Amino acid sequence: MTLLVDIACPDCGWKRSVRKRGLGRYYCSNCGCEFTQFEVVPE
């Protein structure tokens with residue numbers, strides 16, 4: 001299952017929807033970065 005979540009990418013700062021992949025893993029469609037919930041940049 002894929003879920004879209006509005007958080008900021010820690011690599012490029014994209015502040016739109018990123019894809020949640022599994023438990024605590026996210027994928028930024030803007031730059032292709034995969035990151036965990038602990039790497040999320042606060043808005």
Side-chain angles (χ1 to χ4, degrees):
M1 176 173 78
T2 300
L3 177 71
L4 293 177
V5 182
D6 287 334
I7 57 175
C9 173
D11 194 42
C12 71
W14 181 257
K15 293 183 181 174
R16 304 243 169 117
S17 295
V18 294
R19 294 187 184 277
K20 184 170 184 181
R21 290 188 171 172
L23 189 61
R25 305 264 332 145
Y26 301 93
Y27 172 79
C28 177
S29 59
N30 185 53
C31 70
C33 176
E34 282 201 39
F35 53 95
T36 66
Q37 63 188 14
F38 302 109
E39 299 173 276
V40 176
V41 177
E43 290 186 11

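Owing to the predicted nature of the structure, the values given are computational and were not obtained by experimental measurement.
- Remark: C28 SG to Y26 OH distance equals 13.5 Å, nearest 0.5 Å.
- Cluster annotation: I7 is connected to W14 through the hydrophobic network of ILVMFWY side chains, with a link wherever side-chain heavy atoms come within less than 4.5 Å.
- Smallest separation of non-hydrogen atoms from A8 and G13: CB-O, 4.5 Å.
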